[in-house]
Amino acid sequence: MLSDNALRVLEKRYFTRDEHGNTTEDAEGLFRRVAKAIAEIDKEFDPADTIEETAEKFYRRMTSLEFLPNSPTLMNAGKPLGQLSACFVLPISDSLEGIFETIKNAALIHQSGGGTGFSFSRLRPEGSAVRSSGGVASGPVSFMKVYNAATEAIKQGGTRRGANMGILRVDHPDIREFITCKADLTQFTNFNISVGLTEAFMAAVENDEPYELIDPSTGEAVRTERARDIFDLIVDMAWQNGEPGIVFLDRLNRDNVTPDIGIIESTNPCGEQPLLPYESCNLGSINLGRMLREDGAGGFAIDYDLLGEVVDDAVHFLDNVISANKYPLEQIREMSLGTRKIGLGVMGWADMLYKLGVPYNSEEGVSLAEDVMGYINMRAKEASRILAEMRGPFPYVDRSLYREDPYPPRNATVTTIAPTGTISIIASCSSGVEPLFALSFVRNVMDHDALPEVHPYFEEVARARGFYSPELIRAVAERGTLERMEGIPEDVRRVFVTAHDVSPEYHIRMQAAFQQSTDNAVSKTVNFSHSATREDVREVYELAWRLGCKGVTIYRDGSRSEQVLSIGNKASDKQAAMPHGAVQPRPRPAVTMGITEKVRIGCGNLYVTVNYDEEGICEVFTNLGRAGGCPSQSEATSRLVSMALRAGMDVRTVIEQLRGIRCHSTLRQPGLKVLSCPDAIGRVLEKVVSAREGQAVPLIDAEALKPDREQVKKKNGCISNCSLCAERAICAKGSESLCPECGALVEFEGGCMMCRACGYSKCG
C-alpha cells in the first residue's frame with residue numbers, strides 16, 4: 001500500500017542503518033519492529049500475555065495506513081535510543097544557572113530526536129538590575145540567541161535538526177524586541193516564535209485601551225502600552241514573514257487538567273501541544289481518508305464503526321508508547337508518567353471531504369468537522385477510561401480536575417491535532433486538517449518531461465467524468481488551482497479546492513470547529529495570497545480569538561522570498577550606524593526586465609541573465625548546463641555583481657574587473673573568445689549596456705506587467721512547476737519557498753516548512 005515516494009522517504013529518514021550507513025530493514029521490518037516494541041508493554045499488566053495478537057493489530061493499523069504514530073516512535077521504537085516523543089517543554093528560571101541548565105537539557109533532547117518549547121517570560125527585562133553581580137540583565141531575546149546557537153550545534157539523531165518554540169507573554173517589558181526579533185530571517189533560524197496573549201490584552205485591543213507591562217522579577221508594572229499598537233506590530237511582522245504566531249495563554253490554562261501541578265506557559269514547536277514544564281507530547285494520527293465506505297449509490301459515507309475501532313487501538317498504542325519510552329531526563333520521565341498525556345489527531349481531512357463531495361470552504365464542511373472530531377474525542381475518552389479500569393488512572397489524578405470523577409481516564413488528555421508533515425507523506429494523504437496544498441505537482445523536478453503527480457481521487461473523477469488529459473494535469477500543476485479552468489465541471493471545481501482557494505475566514509472556522517472537541521490544540525496555518533493586506537491578517541487574528549481557537553499561525557504566499565522591511569526607523573538607524581563611506585545596496589526590485597544569453601564555455605553551456613529596472617542594471621543570474629563545471633563560483637560572482645550594481649557601482653567598472661579573467665577549462669568559440677565564467681558575465685553585461693546606450697530606460701508598471709512564466713523560469717534557472725512564476729513576476733529559487741534538498745515547492749505549516757516530495761522539514 002505504500003507509494004514509491006513513501007518508500008523513498010522511509011529509506012532516507014526512517015530505516016535502521018548499520019555502522020556503515022547501509023539500511024538493514026525494509027518497510028515491513030520497520031512496522032514489525034515498532035509494533036512489537038509497543039505491544040511488549042502489555043506484559044506489564046498481564047505477564048501471561050504473549051503480545052502477538054496486539055503486535056499484529058498494531059502492525060495492521062500502521063501498514064493499512066489507518067493510523068501512524070509521530071516520527072520519533074517510527075524511528076526509535078525497538079532501538080537502543082528508544083526516545084519516542086516528538087516534543088518537550090522545558091522551564092527557564094530567572095538565573096544564569098537556570099538558563100544554562102535548560103540549554104544543557106535542551107541539547108540532550110535535540111540529540112535524542114525531540115523538539116523543545118520554552119517560555120522566556122520569567123526572565124527579567126533588558127537593563128534591569130542583577131543583585132548577585134551588580135550588573136544589568138541582557139533580557140530574553142539575548143538568551144534566545146544563545147539557545148539558537150546551541151540548537152544549531154546539535155544534530156538530532158543523525159536525521160533531524162532541532163526545533164524550538166519561543167514564547168513571551170504580551171505583558172513582558174521586552175515584548176517589542178521579541179515581536180521584531182525575526183525581522184531578519186537569518187536570525188533565530190531554529191525558532192518558531194509566538195506571542196502569549198491574554199484575555200485582558202485582547203479586551204484592551206477591542207476597547208482601544210492601554211495595558212500594563214509587568215517586570216516578572218518584581219511583579220510590578222514598569223510602564224503602559226497602547227494595546228492596539230502592540231497588536232498592530234504583531235500583525236505587521238506576521239504579514240511580512242509569517243511570524244510571530246499567537247497563542248491565547250488563558251485558554252490553554254482554562255483546559256489545563258492538572259492546575260495544582262503548574263500553569264501552562266509554552267507549547268511544542270508547532271503550537272498544537274500545550275505542556276507543563278518537563279512534559280512530553282506523544283502523538284499519533286488517524287488517516288480520515290481511509291475511514292470511508294461505499295454508500296451503495298456510487299459515493300462514500302463515513303464508516304464510524306471502523307473509525308471507532310481505530311480510535312480504540314490508537315489510544316491503546318499511544319498509552320503503551322508512554323511506558324515504552326526512554327526519556328532523556330528524569331524530570332521528563334516523572335511528569336510524562338504522572339499525567340500520561342497522549343495526543344490522538346487526524347490527517348487526510350481534505351481527502352475525506354473530496355470523497356464525500358463536501359467543499360472545505362462550506363458550512364457543510366465546518367459542520368462535518370464538528371461531528372467527526374466530536375466523535376473521535378468522545379470515543380478516545382471512552383477508550384482511555386476502559387484502559388484505566390484495567391491499568392489504573394494516570395498517577396497525578398488526585399491533583400487534577402478528575403479527582404472527584406468515579407471513572408477517571410488513563411490519560412490526562414487524549415486529543416491533539418498535529419500538522420503530520422512526514423507521516424502524511426508515508427500515508428499518502430493530506431496533512432492534518434489542512435486543505436490540500438496542490439492537486440497536482442511535479443514530483444521529480446529534474447525531469448522536464450515528467451508527468452505531474454496528481455491527487456488520485458481527482459484523477460479518478462476526471463477519468464470517470466471524461467475530462468482527463470495529460471495536458472489538463474500539467475495545467476493544474478502549473479496553476480495550483482482549478483479556479484476558472486475551462487473544461488472542468490463547476491461542481492468538481494467547487495469540491496476540489498486547495499489552500500489558496502479557501503478564504504482566511506474558512507481557514508479559521510475550520511480550525512475552530514476541530515478545536516471544540518480537542519483537549520489540547522489544533523495546528524493550523526492560514527494561507528494568504530501574496531496580495532493580502534495587513535488588515536486581512538488582523539481580521540484573522542481577531543476572528544481566531546472570537547471563535548475560541550487557542551492560537552493561530554499565518555503565512556502570506558511568497559512573503560519569505562522578498563526583502564523584509566525594517567520596523568519604524570530601524571532602517572535609517574542602521575544606515576546611520578554604518579561605518580563612514582559604507583553603502584547599503586538597494587532592495588531587489590519586485591519586477592525587472594532583461595535578456596538571457598547562452599554562452600559556450602569550457603565547462604559547457606553557461607546561461608547568463610542580465611536584468612534591469614528603471615534605475616539601471618540591477619542583477620545578474622547564471623545557470624550552468626548539465627555538463628557540470630563550477631556553479632558555486634559562477635553563482636557567487638553573479639551575486640556579488642548584483643550587490644555591487646544595486647549599491648550604485650558603475651557597470652563599466654564591474655565589466656572592466658570581470659573581462660579577461662582566465663580559467664583552465666576555457667576554449668575558443670567561433671567569433672568570440674570567452675575565457676571563463678566571469679569573462680562571460682562581463683561580456684554579456686557589456687552587450688546589454690551597448691544595446692541600451694542612447695535609449696531611455698523603459699518604465700515598468702509593476703501592477704500591470706505580468707511576464708511570461710517561461711521567461712521568468714528561464715531567467716531564474718528554475719525547472720520546477722510551482723505556480724509562483726505564473727502568480728507574480730518573481731521566482732522563489734533559492735528562497736524558503738523551494739526545498740533545499742530536492743528543489744520542489746514547500747508548504748508552510750505551523751511555522752515550519754515541509755516538502756512533500758522528499759520529506760524534508762525545518763522549523764524556525
Side-chain angles (χ1 to χ4, degrees), residues 1-16 23-42 51-79 82-86 113 159 281-292 303 306-325 342-349 351-352 376 379-380 383 387 414-432 759:
M1 276 197 177
L2 291 170
S3 68
D4 290 341
N5 195 57
L7 289 170
R8 284 194 295 269
V9 170
L10 286 172
E11 181 175 6
K12 184 175 183 180
R13 303 181 187 277
Y14 290 80
F15 287 167
T16 302
T23 58
T24 58
E25 67 182 358
D26 56 12
E28 180 181 359
L30 180 149
F31 290 121
R32 291 286 183 194
R33 165 174 57 81
V34 174
K36 183 177 184 296
I38 304 305
E40 285 280 353
I41 298 302
D42 283 9
I51 69 97
E52 278 83 2
E53 183 178 344
T54 300
E56 185 63 27
K57 177 177 63 177
F58 291 164
Y59 174 80
R60 288 198 310 270
R61 293 301 183 201
M62 290 187 289
T63 55
S64 64
L65 306 179
E66 295 171 340
F67 164 80
L68 288 175
N70 54 210
S71 289
T73 299
L74 291 176
M75 292 174 177
N76 299 329
K79 294 182 182 179
Q83 201 292 95
L84 312 181
S85 299
T159 57
C281 57
N282 305 283
L283 309 177
S285 298
I286 294 171
N287 183 356
L288 292 177
R290 294 188 178 269
M291 301 296 107
L292 297 166
D303 189 340
L306 174 60
L307 179 57
E309 293 169 2
V310 175
V311 169
D312 294 345
D313 292 343
V315 170
H316 181 184
F317 183 103
L318 293 175
D319 185 66
N320 280 18
V321 166
I322 295 172
S323 298
N325 208 341
I342 62 173
L344 178 60
V346 298
M347 54 187 170
W349 172 238
D351 303 322
M352 172 179 271
I376 292 172
R379 185 74 178 237
L387 278 177
V414 294
T415 47
T416 302
I417 295 180
T420 73
T422 313
I423 66 169
S424 65
I425 299 176
I426 297 170
S428 299
C429 68
S430 58
S431 179

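Contact of the Lys36 side chain with the Glu56 side chain is not registered, since no non-hydrogen atoms from C-beta on lie closer than 4.5 Å. Contact annotation: the side chain of Asn70 never approaches that of Val321 to less than 4.5 Å [non-hydrogen atoms, C-beta and beyond]. Counting only heavy atoms from C-beta outward, the side chains of Pro69 and Met62 approach each other to under 4.5 Å. Side-chain atoms of Ile376 and Leu288, non-hydrogen and from C-beta on, do get closer than 4.5 Å to each other.
Using modelled atom types, one side-chain atom of Asn320 and one backbone atom of Ile38 make a donor-acceptor pair closer than 3.5 Å. Of the possible donor and acceptor atoms, none in the side chain of Asp351 sits under 3.5 Å from a partner among the backbone N and O of Cys429. In this structure a side-chain-to-backbone donor-acceptor pair under 3.5 Å is present from Thr73 to Leu84. Formation of a donor-acceptor pair under 3.5 Å by the Thr420 side chain with backbone atoms of Ile423 is not found in this model.
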Checking Arg32 against Glu28 for the side-chain contact (heavy atoms from CB on, under 4.5 Å) test, could you report, in this order, the C-alpha distance in whole Å, the side-chain angles of both residues, the deciding distance, and whether it holds?
CA-CA 6 Å; Arg32 291 286 183 194; Glu28 180 181 359; 3.8 Å; yes
Phe31 vs Leu74, side-chain contact (heavy atoms from CB on, under 4.5 Å): CA-CA, chis, key distance, verdict:
CA-CA 8 Å; Phe31 290 121; Leu74 291 176; 4.1 Å; yes
For Asp303 and Met291, run side-chain contact (heavy atoms from CB on, under 4.5 Å): C-alpha distance rounded to whole Å, both residues' side-chain angles, the deciding distance at 0.1 Å, then the answer.
CA-CA 5 Å; Asp303 189 340; Met291 301 296 107; 5.5 Å; no
Are Ser71 and Thr422 close enough, and set up right, to give a side chain to side chain donor-acceptor pair (under 3.5 Å), and what steps lead you there?
CA-CA 8 Å; Ser71 289; Thr422 313; 4.7 Å; no
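One distance of note links CG of Asn76 with CG of Asn325; it measures 9.0 Å at 0.5 Å rounding. Note that CG of Leu30 and OG1 of Thr16 are 7.0 Å apart. Values are rounded to the nearest 0.5 Å. Between the CG atom in Leu344 and the CG atom in Asn282 there is a gap of 12.5 Å [rounded to 0.5 Å]. Interatomic distance, CG of Leu2 versus CG of Asp26, reported as 10.5 Å (0.5 Å rounding). Interatomic distance, Phe58 CZ to Ile51 CD1, rounded to the nearest 0.5 Å: 9.5 Å. Rounding to the nearest 0.5 Å gives a distance of 8.0 Å between CE of Met75 and CZ of Arg13.
With sequence neighbours left out, Arg33 forms a side chain to side chain donor-acceptor pair (under 3.5 Å) with Glu25.
Closest of all the heavy-atom pairs between Ile41 and Ser323 is CG2-CB, 3.6 Å. Of all the heavy atoms in Ser85 and Gln83, the pair that sits closest is N-OE1, 2.7 Å. Between Pro72 and Gly113 the shortest heavy-atom distance is CG-O, 4.0 Å. In terms of heavy atoms, Ala37 sits closest to Ala324 at O-CB, 4.4 Å. Scanning both residues, Ala39 and Thr54, for their nearest heavy atoms gives CB-CG2, 3.8 Å.
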What pairs of donor and acceptor atoms, side-chain ones from residues 310-317 against any protein atom, are under 3.5 angstrom apart with sequence neighbours left out?
unit_1, atom_1, unit_2, atom_2, d
Asp312, OD1, Arg379, NE, 3.0
Asp312, OD2, Arg379, NE, 3.4
Asp312, OD2, Arg379, NH2, 2.8
Asp313, OD2, Arg61, NE, 2.7
Asp313, OD2, Arg61, NH2, 3.0
His316, ND1, Lys57, NZ, 3.4
His316, NE2, Asp42, OD1, 3.0
His316, NE2, Asp42, OD2, 3.3
His316, NE2, Arg391, NH2, 3.4

